[in-house]
Amino acid sequence: QRVSEGAAQFVSLGSFSDAGPGPWTAFVAWGDGWTTTLPAPSAPGSLGNQIHNYAEEGTFTGTIVVTDTGDNWSGSAPFTVSVQEVGVTATPMVGIAPTAGTPYSGAVATFTDPGGAEALDGTHYSASINWGDNTAATAGTISVNSGVFTVSGTHTYASANFYTISVTILQDGWLFVTPVQSQTVQFVSAGLVKPTSFWEGLQGQGLIRRFGVTSSNQTLGQWLAAKFPNLYGGGGGAPNLSSFSDAQIGSYYQSLYLAAHGTGLDVEILATVLDDFTTTLSLGGNTTDSGGLPIGQDYGFTVNRYGLGAYSWNIASSGAAFGTPNYQVLTVYQILLATDNFATGGEPWGSNTFLRNETLTVFQGINAIS
């Protein structure tokens, strides 16, 4: 008979015959150290099925013993059960998004063992990670917490692109391999961002002045004020751009750029926000050119339904600025929201020079991808 490990399943116990008077008792030794006293048979014949849970895979020899208590005769017979490994259930991690050229070290998948978590001693589970960039697969490191196993690895991508990560898990030397479903790695890549000088120049200023309204009927100024109130919506004394025309927003950007000589934190942030607006179909991408294409494409931007905000960035050692541990992978939108949340009087982190410098490093890195 065949059953799966770790699951309560029916095992057939066969039958018995006896010319004696009875009554009868029966018990079964399952071969794994456990025994069960069966319901007393009412007559010779089938012993039916009995539920048992084999905790480990392997081949087990059990024994059925039936006793006629009327004449004290007993009979026994062996049976064999092949207990098969139950495949692990694996799930990819969400938000795996390394930065090109920077080592990524972290979790890529989790899995559970329906047959019961076995010791993490190197003999039961192993994992390999295919990073999807035509490099050799690497061994994954497995850890466990409360029955949930995590597969982690370290890898550096040479260039920004879309990659598919897959993880293969092998159990107990059995030929049972569980591939983890694909996971897309989304990088901030060229085409999603422009240098800060772009928005100060003729092309950037021209693009700003061409924006219409978003798919939800907001102007650029209204969108800026609604999404980032502490930076652009009047929150806590910040400037309120909700009533600004596109031309006024262009001039506002130029004033920031000139005041900071093109390198200030305020410039880097607003440039990133404008990149996000431009590359998102439902925002700036809602305005099209004469050919029906999003106007951002006329200026070399990649415009899609996600936009820059959905792409990710490793904040490296700047975790304190965003209220997270170092080397976290955040989407650009999460970075912008944190920047807005920590703004005072329109200035991110107010007069805290250290945190402002930490933030500046992140935004300069994003904008340098262009």
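A quick note: this is a predicted structure, and the numbers were derived from the prediction, not measured.
Arg210 and Asp298 are joined by a salt bridge, as a carboxylate oxygen and a charged side-chain nitrogen come within less than 4.0 angstrom of each other.
Surrounding CG of Asp121 are more than 12 heavy atoms belonging to other residues, nucleotides or ligands, all under 6.0 Å away.
Atom OG1 of Thr219 and atom CD of Gln222 lie 3.5 Å apart (nearest 0.5 Å). Taking OG1 from Thr214 and CG from Leu281, the interatomic distance works out to 12.5 Å, rounded to the nearest 0.5 Å.
In this view, Phe342 and Trp349 satisfy the ring pair (Phe, Tyr, Trp, His ring centres under 6.0 Å) rule, not counting sequence neighbours.
A distance below 6.0 Å separates the ring centres of Phe198 and Phe301. In this structure, Phe211 has its ring center closer than 6.0 angstrom to the ring center of Phe277. In this structure, Tyr327 has its ring center at least 6.0 angstrom away from the ring center of Tyr104.
Within the 4.5 Å cutoff, the side chain of Val188 has heavy atoms near those of the Val332 side chain. Using a 4.5 Å heavy-atom cutoff, the side chains of Ile315 and Asn326 are not in contact.
Side-chain atoms of Asp266 never come within 3.5 Å of backbone atoms of Leu256 as a donor-acceptor pair (strictly under, hydrogens ignored). The closest donor-acceptor contact from the side chain of Asn367 to the backbone of Phe363 lies under 3.5 Å.
The side-chain tip of Lys194 does not point at the ring of Tyr299 from less than 6.0 angstrom away and within 45° of straight on.
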Output, in order, the C-alpha distance, side-chain angles, deciding distance and verdict of ring pair (Phe, Tyr, Trp, His ring centres under 6.0 Å) for Trp30 and Phe60. CA-CA 7 Å; Trp30 298 101; Phe60 297 86; over 10 Å; no

